[in-house]
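Everything below concerns the one structure shown next.
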Number of protein chains: 2
Amino acid sequence: MSLEQEIKQTKPFKSNYEKTLVNIMFTNNWIHFKQNKYLKKFDISIQQYNVLRILNGQKDQPITINEIIDRMLDKMSNASRLVDKLFAKGYVSRDQKVGNRRACDVKITPKGKSFLEEVTKSINGIEKDMNKLNDAEFEELNSLLDKLRN
Amino acid sequence: MSLEQEIKQTKPFKSNYEKTLVNIMFTNNWIHFKQNKYLKKFDISIQQYNVLRILNGQKDQPITINEIIDRMLDKMSNASRLVDKLFAKGYVSRDQKVGNRRACDVKITPKGKSFLEEVTKSINGIEKDMNKLNDAEFEELNSLLDKLRN
DNA sequence: GCTAAATAAATGTATTTACATATATTACAA
DNA sequence: TTGTAATATATGTAAATACATTTATTTAGC
(Lines give C-alpha, C1' and ligand atoms only; values in the text may rest on other atoms or scores of the structure.)
Protein backbone atom coordinates (compact mmCIF):
# COMPACT_ATOMS: atom_id res chain seq x y z
CA MET A 1 0.00 0.00 0.00
CA SER A 2 1.29 3.45 -0.87
CA LEU A 3 1.89 6.05 1.80
CA GLU A 4 -0.96 8.14 0.42
CA GLN A 5 -3.41 5.28 0.86
CA GLU A 6 -1.98 4.42 4.25
CA ILE A 7 -2.75 7.86 5.66
CA LYS A 8 -5.84 8.28 3.45
CA GLN A 9 -4.43 11.36 1.81
CA THR A 10 -6.65 12.49 -1.02
CA LYS A 11 -4.50 15.12 -2.72
CA PRO A 12 -0.98 14.11 -3.79
CA PHE A 13 2.09 15.52 -2.03
CA LYS A 14 3.38 18.82 -3.36
CA SER A 15 6.81 17.30 -3.99
CA ASN A 16 8.84 14.17 -3.50
CA TYR A 17 10.77 16.10 -0.87
CA GLU A 18 7.63 16.71 1.16
CA LYS A 19 6.53 13.12 0.79
CA THR A 20 9.92 11.94 2.04
CA LEU A 21 9.54 13.90 5.28
CA VAL A 22 6.15 12.35 5.96
CA ASN A 23 7.34 8.94 4.77
CA ILE A 24 10.27 8.83 7.20
CA MET A 25 8.07 9.87 10.12
CA PHE A 26 5.40 7.34 9.17
CA THR A 27 7.90 4.52 8.68
CA ASN A 28 9.56 5.36 11.98
CA ASN A 29 6.22 5.08 13.76
CA TRP A 30 5.59 1.81 11.97
CA ILE A 31 8.90 0.42 13.27
CA HIS A 32 8.36 1.90 16.72
CA PHE A 33 4.97 0.24 17.00
CA LYS A 34 6.33 -3.15 15.99
CA GLN A 35 9.35 -2.94 18.30
CA ASN A 36 7.22 -1.84 21.18
CA LYS A 37 4.99 -4.88 20.74
CA TYR A 38 8.01 -7.14 21.26
CA LEU A 39 9.55 -5.13 24.09
CA LYS A 40 6.37 -4.76 26.11
CA LYS A 41 6.44 -8.31 27.40
CA PHE A 42 9.95 -7.72 28.73
CA ASP A 43 8.78 -4.64 30.62
CA ILE A 44 11.39 -2.39 29.06
CA SER A 45 11.07 0.74 26.93
CA ILE A 46 12.76 1.22 23.57
CA GLN A 47 15.02 3.88 25.05
CA GLN A 48 16.10 1.58 27.85
CA TYR A 49 16.70 -1.21 25.34
CA ASN A 50 18.85 1.07 23.23
CA VAL A 51 20.95 2.19 26.19
CA LEU A 52 21.49 -1.45 27.11
CA ARG A 53 22.65 -2.15 23.56
CA ILE A 54 25.07 0.77 23.70
CA LEU A 55 26.55 -0.55 26.94
CA ASN A 56 26.78 -4.04 25.51
CA GLY A 57 28.65 -2.64 22.52
CA GLN A 58 31.33 -1.32 24.85
CA LYS A 59 32.32 -4.84 25.85
CA ASP A 60 33.79 -4.59 29.33
CA GLN A 61 34.75 -0.94 29.17
CA PRO A 62 32.50 1.32 31.25
CA ILE A 63 31.28 4.60 29.80
CA THR A 64 29.94 7.79 31.35
CA ILE A 65 26.44 9.25 31.06
CA ASN A 66 27.69 11.84 28.59
CA GLU A 67 29.23 9.17 26.40
CA ILE A 68 25.91 7.34 26.43
CA ILE A 69 24.13 10.53 25.29
CA ASP A 70 26.64 10.87 22.44
CA ARG A 71 25.73 7.41 21.25
CA MET A 72 21.98 7.68 21.70
CA LEU A 73 19.68 8.08 18.73
CA ASP A 74 17.51 10.50 20.64
CA LYS A 75 19.88 12.93 22.32
CA MET A 76 17.13 14.72 24.17
CA SER A 77 15.91 12.07 26.51
CA ASN A 78 17.22 11.68 29.97
CA ALA A 79 20.15 9.26 29.99
CA SER A 80 20.59 9.74 33.71
CA ARG A 81 17.10 8.51 34.48
CA LEU A 82 17.25 5.75 31.89
CA VAL A 83 20.37 4.42 33.61
CA ASP A 84 18.50 4.72 36.91
CA LYS A 85 15.76 2.44 35.62
CA LEU A 86 18.25 -0.10 34.29
CA PHE A 87 20.19 0.04 37.55
CA ALA A 88 17.01 -0.61 39.56
CA LYS A 89 16.44 -3.72 37.45
CA GLY A 90 20.01 -4.88 38.01
CA TYR A 91 20.94 -4.69 34.33
CA VAL A 92 23.75 -2.14 34.78
CA SER A 93 26.27 -1.08 37.41
CA ARG A 94 27.03 2.54 38.16
CA ASP A 95 30.13 3.64 40.07
CA GLN A 96 31.94 6.88 40.64
CA LYS A 97 34.69 7.29 38.09
CA VAL A 98 38.19 7.21 39.52
CA GLY A 99 39.98 10.45 38.73
CA ASN A 100 36.78 12.44 38.17
CA ARG A 101 34.25 12.35 40.93
CA ARG A 102 31.65 14.20 38.84
CA ALA A 103 31.44 11.48 36.23
CA CYS A 104 30.30 7.90 36.65
CA ASP A 105 31.23 4.59 35.09
CA VAL A 106 28.24 2.72 33.75
CA LYS A 107 28.60 -0.93 32.72
CA ILE A 108 26.25 -3.73 31.70
CA THR A 109 26.02 -6.54 34.26
CA PRO A 110 25.97 -10.28 33.48
CA LYS A 111 22.26 -10.21 34.31
CA GLY A 112 21.85 -7.34 31.84
CA LYS A 113 23.77 -9.24 29.20
CA SER A 114 21.64 -12.35 29.38
CA PHE A 115 18.46 -10.26 29.51
CA LEU A 116 19.55 -8.37 26.40
CA GLU A 117 20.25 -11.63 24.60
CA GLU A 118 16.74 -12.84 25.28
CA VAL A 119 15.13 -9.58 24.21
CA THR A 120 17.19 -9.39 21.06
CA LYS A 121 16.24 -12.94 20.14
CA SER A 122 12.58 -11.97 20.47
CA ILE A 123 12.78 -8.62 18.73
CA ASN A 124 14.44 -10.16 15.71
CA GLY A 125 10.92 -11.36 15.00
CA ILE A 126 10.25 -8.04 13.31
CA GLU A 127 12.82 -9.08 10.74
CA LYS A 128 10.20 -11.30 9.14
CA ASP A 129 8.01 -8.19 8.72
CA MET A 130 10.89 -6.43 7.04
CA ASN A 131 12.23 -8.88 4.50
CA LYS A 132 10.69 -6.98 1.65
CA LEU A 133 13.98 -5.46 0.56
CA ASN A 134 17.07 -7.33 -0.55
CA ASP A 135 20.51 -6.50 0.73
CA ALA A 136 21.39 -4.15 -2.11
CA GLU A 137 18.17 -2.22 -1.53
CA PHE A 138 18.86 -1.90 2.19
CA GLU A 139 22.28 -0.56 1.29
CA GLU A 140 20.80 1.91 -1.17
CA LEU A 141 18.25 3.05 1.41
CA ASN A 142 21.02 3.58 3.94
CA SER A 143 23.14 5.64 1.61
CA LEU A 144 20.17 7.84 0.66
CA LEU A 145 19.35 8.49 4.32
CA ASP A 146 23.00 9.24 5.08
CA LYS A 147 23.15 11.62 2.14
CA LEU A 148 19.91 13.31 3.16
CA ARG A 149 21.36 14.28 6.54
CA ASN A 150 24.79 14.92 5.10
CA MET B 1 29.17 12.01 8.18
CA SER B 2 28.19 8.36 8.24
CA LEU B 3 25.63 7.03 10.67
CA GLU B 4 28.33 5.04 12.44
CA GLN B 5 30.36 8.18 13.10
CA GLU B 6 27.26 10.13 14.03
CA ILE B 7 26.39 7.75 16.86
CA LYS B 8 30.06 6.97 17.57
CA GLN B 9 29.54 3.30 16.90
CA THR B 10 32.83 1.43 16.96
CA LYS B 11 31.86 -1.93 15.57
CA PRO B 12 30.05 -2.04 12.21
CA PHE B 13 26.40 -3.08 11.97
CA LYS B 14 25.75 -6.79 11.64
CA SER B 15 23.79 -6.24 8.45
CA ASN B 16 22.42 -3.56 6.16
CA TYR B 17 19.01 -4.49 7.46
CA GLU B 18 19.99 -3.71 11.02
CA LYS B 19 21.64 -0.46 9.99
CA THR B 20 18.46 0.57 8.17
CA LEU B 21 16.39 0.21 11.33
CA VAL B 22 18.77 2.43 13.28
CA ASN B 23 19.17 4.80 10.34
CA ILE B 24 15.44 5.44 10.03
CA MET B 25 15.08 6.08 13.76
CA PHE B 26 18.10 8.37 13.79
CA THR B 27 16.97 10.31 10.71
CA ASN B 28 13.50 10.66 12.16
CA ASN B 29 14.94 12.17 15.33
CA TRP B 30 17.09 14.46 13.21
CA ILE B 31 14.00 15.72 11.38
CA HIS B 32 11.97 15.93 14.59
CA PHE B 33 14.63 18.06 16.23
CA LYS B 34 14.78 20.46 13.31
CA GLN B 35 11.01 20.75 12.99
CA ASN B 36 10.62 21.29 16.69
CA LYS B 37 13.06 24.19 16.56
CA TYR B 38 10.78 25.95 14.08
CA LEU B 39 7.51 25.05 15.78
CA LYS B 40 8.59 26.03 19.29
CA LYS B 41 8.27 29.73 18.66
CA PHE B 42 4.66 29.19 17.55
CA ASP B 43 3.86 27.37 20.77
CA ILE B 44 2.51 24.31 19.02
CA SER B 45 3.61 20.68 19.08
CA ILE B 46 4.38 18.61 15.99
CA GLN B 47 1.32 16.47 16.61
CA GLN B 48 -0.92 19.52 16.84
CA TYR B 49 0.66 20.92 13.68
CA ASN B 50 0.00 17.68 11.84
CA VAL B 51 -3.65 17.56 12.91
CA LEU B 52 -4.06 21.12 11.70
CA ARG B 53 -2.58 20.14 8.34
CA ILE B 54 -4.96 17.21 8.08
CA LEU B 55 -7.94 19.49 8.75
CA ASN B 56 -6.66 22.01 6.24
CA GLY B 57 -6.40 19.26 3.64
CA GLN B 58 -10.13 18.61 4.03
CA LYS B 59 -10.95 22.04 2.64
CA ASP B 60 -14.30 22.99 4.11
CA GLN B 61 -15.49 19.50 4.87
CA PRO B 62 -15.47 18.67 8.58
CA ILE B 63 -14.14 15.29 9.71
CA THR B 64 -14.60 13.26 12.87
CA ILE B 65 -12.02 12.34 15.49
CA ASN B 66 -11.81 8.81 14.11
CA GLU B 67 -11.15 10.11 10.63
CA ILE B 68 -8.36 12.26 12.02
CA ILE B 69 -6.81 9.20 13.70
CA ASP B 70 -6.97 7.35 10.37
CA ARG B 71 -4.96 10.12 8.76
CA MET B 72 -2.45 10.62 11.55
CA LEU B 73 1.11 9.39 11.23
CA ASP B 74 1.15 8.33 14.85
CA LYS B 75 -2.08 6.45 15.43
CA MET B 76 -1.49 6.02 19.12
CA SER B 77 -1.60 9.55 20.34
CA ASN B 78 -4.74 11.09 21.63
CA ALA B 79 -6.57 12.84 18.81
CA SER B 80 -9.35 13.86 21.17
CA ARG B 81 -6.98 15.81 23.40
CA LEU B 82 -5.01 17.22 20.47
CA VAL B 83 -8.26 18.65 19.09
CA ASP B 84 -8.98 20.00 22.58
CA LYS B 85 -5.74 21.94 22.54
CA LEU B 86 -6.36 23.32 19.07
CA PHE B 87 -9.92 24.23 20.03
CA ALA B 88 -8.68 26.12 23.11
CA LYS B 89 -6.42 28.14 20.82
CA GLY B 90 -9.29 28.87 18.46
CA TYR B 91 -7.69 27.07 15.53
CA VAL B 92 -10.51 24.53 15.08
CA SER B 93 -14.25 24.25 15.63
CA ARG B 94 -15.88 21.18 17.11
CA ASP B 95 -19.61 20.50 16.84
CA GLN B 96 -21.87 17.54 17.39
CA LYS B 97 -22.38 15.72 14.13
CA VAL B 98 -25.92 15.86 12.79
CA GLY B 99 -27.34 12.36 12.48
CA ASN B 100 -24.85 10.84 14.92
CA ARG B 101 -24.69 12.40 18.33
CA ARG B 102 -21.68 10.27 19.34
CA ALA B 103 -19.43 11.70 16.67
CA CYS B 104 -18.25 15.25 16.22
CA ASP B 105 -17.46 17.45 13.26
CA VAL B 106 -14.03 19.06 13.48
CA LYS B 107 -13.07 21.87 11.11
CA ILE B 108 -10.21 24.32 10.81
CA THR B 109 -11.21 27.94 11.49
CA PRO B 110 -10.10 31.00 9.50
CA LYS B 111 -7.80 31.85 12.43
CA GLY B 112 -6.38 28.31 12.22
CA LYS B 113 -5.88 28.67 8.49
CA SER B 114 -3.88 31.86 8.69
CA PHE B 115 -1.89 30.52 11.63
CA LEU B 116 -1.05 27.37 9.66
CA GLU B 117 0.09 29.46 6.71
CA GLU B 118 2.52 31.37 8.88
CA VAL B 119 3.89 28.24 10.52
CA THR B 120 4.28 26.46 7.19
CA LYS B 121 6.15 29.41 5.76
CA SER B 122 8.57 29.24 8.67
CA ILE B 123 8.98 25.49 8.78
CA ASN B 124 9.87 25.38 5.12
CA GLY B 125 13.19 26.70 6.36
CA ILE B 126 14.23 23.12 7.05
CA GLU B 127 14.08 22.56 3.32
CA LYS B 128 17.42 24.29 3.01
CA ASP B 129 18.86 21.69 5.40
CA MET B 130 17.44 18.95 3.22
CA ASN B 131 18.41 19.87 -0.32
CA LYS B 132 21.12 17.25 -0.42
CA LEU B 133 19.09 14.90 -2.58
CA ASN B 134 17.76 15.60 -6.04
CA ASP B 135 14.20 14.85 -7.04
CA ALA B 136 14.97 11.41 -8.47
CA GLU B 137 16.73 10.45 -5.25
CA PHE B 138 13.78 11.59 -3.12
CA GLU B 139 11.56 9.48 -5.34
CA GLU B 140 13.87 6.47 -4.97
CA LEU B 141 13.98 6.93 -1.21
CA ASN B 142 10.18 7.08 -1.09
CA SER B 143 9.73 3.93 -3.10
CA LEU B 144 12.23 2.05 -0.92
CA LEU B 145 10.43 3.11 2.26
CA ASP B 146 7.06 2.18 0.76
CA LYS B 147 8.43 -1.21 -0.28
CA LEU B 148 9.97 -1.77 3.17
CA ARG B 149 6.60 -1.47 4.86
CA ASN B 150 4.77 -3.14 2.05
C1' DG C 1 45.29 29.98 46.98
C1' DC C 2 41.02 31.98 45.53
C1' DT C 3 37.37 32.92 42.42
C1' DA C 4 34.94 32.36 38.12
C1' DA C 5 33.90 29.49 34.48
C1' DA C 6 33.19 24.99 32.71
C1' DT C 7 31.77 20.30 33.08
C1' DA C 8 29.05 15.95 34.69
C1' DA C 9 25.21 14.39 36.42
C1' DA C 10 20.91 14.74 39.05
C1' DT C 11 16.59 16.78 39.89
C1' DG C 12 12.16 19.51 39.02
C1' DT C 13 8.25 20.18 36.19
C1' DA C 14 4.84 20.79 32.64
C1' DT C 15 3.49 18.39 28.81
C1' DT C 16 2.86 14.36 26.04
C1' DT C 17 2.34 9.47 25.28
C1' DA C 18 0.40 4.92 25.74
C1' DC C 19 -2.48 2.75 27.12
C1' DA C 20 -6.98 1.19 29.97
C1' DT C 21 -11.37 2.35 31.22
C1' DA C 22 -15.69 4.99 31.24
C1' DT C 23 -19.62 7.35 29.13
C1' DA C 24 -22.82 8.12 25.69
C1' DT C 25 -25.12 6.80 21.64
C1' DT C 26 -26.50 3.76 17.98
C1' DA C 27 -27.28 -0.77 15.70
C1' DC C 28 -28.77 -5.26 15.86
C1' DA C 29 -31.05 -9.59 17.30
C1' DA C 30 -34.22 -12.39 19.63
C1' DT D 1 -39.03 -3.75 22.71
C1' DT D 2 -35.38 -4.89 25.21
C1' DG D 3 -31.24 -6.28 26.18
C1' DT D 4 -26.44 -6.86 23.94
C1' DA D 5 -22.91 -5.60 21.10
C1' DA D 6 -20.63 -2.11 18.58
C1' DT D 7 -19.15 2.54 17.87
C1' DA D 8 -17.36 7.40 18.95
C1' DT D 9 -15.29 9.98 22.00
C1' DA D 10 -13.73 11.43 26.61
C1' DT D 11 -11.31 10.70 30.76
C1' DG D 12 -7.87 8.63 34.10
C1' DT D 13 -3.27 7.26 34.86
C1' DA D 14 1.50 5.88 35.11
C1' DA D 15 5.35 6.56 32.59
C1' DA D 16 8.26 9.04 29.36
C1' DT D 17 9.78 13.29 27.15
C1' DA D 18 11.66 17.93 26.78
C1' DC D 19 13.40 20.89 28.56
C1' DA D 20 15.26 24.24 32.68
C1' DT D 21 17.53 24.43 36.83
C1' DT D 22 20.49 22.78 40.58
C1' DT D 23 24.31 20.50 42.80
C1' DA D 24 28.86 18.89 42.90
C1' DT D 25 33.32 18.83 41.13
C1' DT D 26 37.09 20.26 38.30
C1' DT D 27 39.73 23.58 35.54
C1' DA D 28 41.78 27.91 34.60
C1' DG D 29 42.99 32.69 35.35
C1' DC D 30 44.71 35.99 38.35
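Each chain gets a letter, A, B and so on, in the order its sequence line appears, and its residues count up from 1.
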Legend entry - Nearest-Å distance for atom pair CG/C1', residues A/Asn50 and D/dA16: 14 Å
Inset, instruction - Assign A/Gln48 to base, sugar-phosphate, or nothing according to its heavy-atom contacts below 4.0 angstrom with the strands shown. - result: sugar-phosphate
Legend entry - Neighbour count >12 (heavy atoms, 6.0 Å) for atom CG, B/Asn150: yes
Inset, instruction - May I ask you to verify whether the side chain of B/Arg102 and the base of D/dT9 hold a donor-acceptor pair under 3.5 Å? - result: no
Legend entry - Length of the line joining A/Asn28:CG and C/dT17:P, which is rounded to integer Å: 13 Å
Inset, instruction - Would you indicate, yes or no, if C/dA24 has its OP1 or OP2 atom less than 4.0 angstrom from a side-chain nitrogen or oxygen of B/Arg101? - result: no
Legend entry - Nearest-nucleotide comparison on DNA chain D, the residue closer to the 5′ end among A/Ile44 and B/Asn66: B/Asn66
Inset, instruction - Check every strand shown and say whether B/Asp84 touches a base, only sugar-phosphate, or nothing at a heavy-atom separation below 4.0 Å. - result: nothing
Inset, instruction - Consider the side chain of A/Leu82, meaning its heavy atoms from C-beta on, and name the nucleotide among C/dA10, D/dT17, D/dT9 that approaches it most closely. - result: D/dT17
Inset, instruction - Report the distance from atom CG of B/Asn100 to atom P of D/dT7, rounded to the nearest whole Å. - result: 12 Å
Legend entry - Separation of atom CZ in B/Arg81 from atom C1' in C/dC19, rounded to whole Å: 10 Å
Inset, instruction - Quickly, which of B/Lys132, B/Lys19, B/Gln5 forms a side-chain hydrogen bond (donor to acceptor under 3.5 Å, both in side chains) with A/Asp146? Name it, please. - result: B/Lys19
Legend entry - Between C1' of C/dA24 and CD1 of B/Ile65, the distance in whole Å: 15 Å
Legend entry - Parallel, tilted or perpendicular, as decided by the 30° and 60° cut-offs, for the rings of A/Phe115 and A/Phe42: perpendicular
Inset, instruction - Measure the spacing between CE of B/Met25 and CG of A/Asn50 and express it to the nearest 0.5 Å. - result: 5.5 Å
Legend entry - Any B/Ser80 side-chain N or O less than 4.0 Å from OP1/OP2 of D/dT9: no
Legend entry - First encountered from the 5' end of DNA chain C, between A/Cys104 and A/His32: A/Cys104
Legend entry - Whole angstrom value for the distance that separates P of D/dT7 from CD1 of B/Ile69: 14 Å
Legend entry - Closest to the B/Lys40 side chain, choosing from D/dA8, D/dC19, D/dG12: D/dC19
Legend entry - Nearest-Å distance for atom pair CD/C1', residues A/Gln47 and C/dT17: 13 Å
Inset, instruction - Quick one: do B/Arg149 and A/Asn23 satisfy side-chain hydrogen bond (donor to acceptor under 3.5 Å, both in side chains)? Show the steps, please. - result: CA-CA 10 Å; B/Arg149 293 190 316 273; A/Asn23 213 340; 2.8 Å; yes
Inset, instruction - Would you indicate which nucleotide in C/dA8, C/dT16, D/dT9 comes nearest to any side-chain atom of B/Lys85? - result: C/dT16
Inset, instruction - Could you tell me whether the phosphate oxygens of C/dT17, OP1 or OP2, come under 4.0 Å of any side-chain nitrogen or oxygen in B/Asn78? - result: no
Inset, instruction - Would you kindly give the CD-to-C1' distance between B/Gln96 and D/dT9, to the nearest whole Å? - result: 11 Å
